[in-house]
Amino acid sequence: MPIRTRSVAAAAATAALTAALFTAGAASATAAPTAPTACKDVHAASDRQAVQCIGQIKLRAEKAMRKAAVAEESYHQAQAASKDAADTAEALRLAADHAEQVATKSRIRAAAVTSTLARGGGTVGQTTEVLLSGEGAGKVLYNLSRVSALTEDTTQLAVDAKRDSDTAAALQAQAGEAADRAAVSAHSAQAAYSTAKKTAQEAVELVEQTETKQQREEAARAAAAARAAAASASNGSGGSSGSGSGSTGGSASSGGSSLAVSGNASTAARVLAFARAQIGEPYVFGAAGPGSWDCSGLTMMAFQSAGIGIGGHGATVQYTTARARGLLVPYSQAQPGDLLFWGLGGDKYHVAIYSGGGNMIEAPRPGAFVREVPVRTGDLNGMVARFTG
């Protein structure tokens, strides 16, 4: 398996990890090869020793990949929560601004009425004016009634102004709290992303190191066999020099299944055509193209290419969207273009597109590439999503 170029930072992190863990020396030439202690010291082990550990290393890597997938899904959900909190904060800020404008108008109205009363002197010498007015008490009493009405209006305006000011202050406080929640959520999302990425990279590096040693060991055995065959032939032992049958070229049968002619055939065909066009492109956390993908980024954009929204970026949100729309059907009835989900509880940690014939197209994990492979049944959810109609 070719080893892809990795970043200096990832290599440094792996070197630090392996320096602490890998301490065993190479086995002596005469002693029978022994497996590295707990199969953790693969870096320092001989090629032959490492080969004995390949099964255990891959098993541990699969568990690490599953944890990484769960962490990535948590990252997508944290991103969505952060966006929701930010939207809430913005809405509350707008409401607070509006409430402050209303409160300002209320204060201006109250101040204007109070100023009018002060200029009119409505409350000064009113009894004397009633007694001494040459125009009679009727007009003065009428003026007094107007002053009383204005005073009541002023009181109500003051109450309204205080209420509106209190409302604005409360909304501003809520906006601040929502903004704080958005910041915390965004920080949590970034932390989940970083942890998942580091865990996955280390697991991939260890698998690649072990597989490299396995390849060298197989090459050494093949070379030894070739030398033995050549020596045997030169000694006249004849016999057809059995050409080494160890060709490991596995045929990755993608099982190019033809779509059944049905109402959803053309839509499913567009979805699958988009997904197949990305085969060979790398998996990258949080990526939704072009050129790199994570599992739900690939499915989201494949359906978007056919004009279908499936809820957003994240396996869980795509599953819950299908469930809310009544689009879940049993896996036994799966058709090309359906979405497959992994995770038996509430949260789903992986999603792929069923391509027919027991195969699927997926962006599998860090260090791997978009591919079409047989469906894995471990943790496979019993329901699939049919967004194609």
Side-chain angles (χ1 to χ4, degrees), residues 62-63 65-81 196 254-276 278 283 288 293-365 368 370-389:
E62 285 179 8
K63 292 180 180 178
M65 290 302 102
R66 183 172 300 181
K67 288 182 180 178
V70 171
E72 182 195 8
E73 186 60 26
S74 297
Y75 166 61
H76 287 312
Q77 294 185 41
Q79 277 189 314
S254 61
S257 59
S258 60
L259 290 173
V261 178
S262 63
N264 73 336
S266 59
T267 302
R270 291 200 299 274
V271 170
L272 289 169
F274 180 94
R276 282 199 177 98
Q278 318 314 317
Y283 179 107
W293 312 86
D294 66 8
C295 64
S296 58
L298 176 64
T299 55
M300 178 178 68
M301 298 308 294
F303 278 86
Q304 192 173 109
S305 73
I308 300 173
I310 59 175
H313 199 163
T316 299
V317 71
Q318 292 173 12
Y319 182 87
T320 54
T321 298
R323 182 176 60 194
R325 296 180 187 175
L327 301 179
L328 296 179
V329 298
Y331 172 70
S332 59
Q333 301 174 19
Q335 296 179 4
D338 290 349
L339 286 183
L340 309 174
F341 298 92
W342 282 259
L344 304 179
D347 290 337
K348 306 295 176 280
Y349 63 82
H350 188 56
V351 60
I353 305 173
Y354 184 66
S355 57
N359 295 321
M360 63 181 179
I361 301 174
E362 64 168 354
R365 56 176 173 78
V370 177
R371 62 190 184 183
E372 187 168 6
V373 294
V375 175
R376 295 184 303 279
T377 56
D379 274 357
L380 179 65
N381 195 275
M383 304 297 285
V384 302
R386 183 164 299 156
F387 284 98
T388 54

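- Of all the heavy atoms in His313 and Ser296, the pair that sits closest is CD2-OG, 3.0 Å.
- Judged by the 6.0 Å distance and 45° axis criteria, Lys348 is not positioned over the aromatic ring of Phe341.
- We find the CG-OG1 distance between Leu340 and Thr299 to be 10.5 Å, quoted to the nearest 0.5 Å.
- To the nearest 0.5 Å, the span separating OG1 on Thr320 from CZ on Arg325 amounts to 10.0 Å.
- Considering all non-hydrogen atoms of both residues, Leu298 and Glu362 come closest at CD2-C, 4.0 Å.
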Q.
Before you tell me yes or no, could you show the steps for Val375 and Tyr354 under side-chain contact (heavy atoms from CB on, under 4.5 Å), namely the whole-Å CA-CA distance, both residues' side-chain angles and the distance that decides it to 0.1 Å?
A. CA-CA 8 Å; Val375 175; Tyr354 184 66; 4.0 Å; yes
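- Of all non-hydrogen atoms in Ile353 and Ala302, the two that sit nearest each other are CD1-CB, 3.8 Å.
- Here the shortest heavy-atom pairing between Thr388 and Gly337 reads CG2-O, 4.1 Å.
- Taken from CG in Asn381 to OH in Tyr331, the straight-line distance is 12.0 Å, to the nearest 0.5 Å.
- Looking at every heavy atom in both residues, Arg386 comes nearest to Asp338 through NH2-OD2, 2.9 Å.
- Counting all heavy atoms, side chain and backbone alike, Ser355 lies closest to Ile361 at CB-CG1, 4.1 Å.
- Side-chain contact between Leu328 and Tyr319: present, with at least one pair of heavy atoms (C-beta onward) separated by less than 4.5 Å.
- By the 30° and 60° cut-offs, the orientation of the rings of His350 relative to Trp342 is tilted.
- Under the 4.5 Å side-chain criterion, counting only non-hydrogen atoms from C-beta, Asn359 is not in contact with Val373.
- Between Met360 and Glu372, the closest side-chain pair of non-hydrogen atoms is not below 4.5 Å.
- Between the Gln318 side chain and the Gly312 main chain, a donor and an acceptor come within less than 3.5 Å of each other.
- Note that the CE atom of Met300 and the CH2 atom of Trp293 stand 8.5 Å from one another [nearest 0.5 Å].
- Looking at heavy atoms from C-beta onward, Thr321 lies out of side-chain contact with Ile310 at the 4.5 angstrom threshold.
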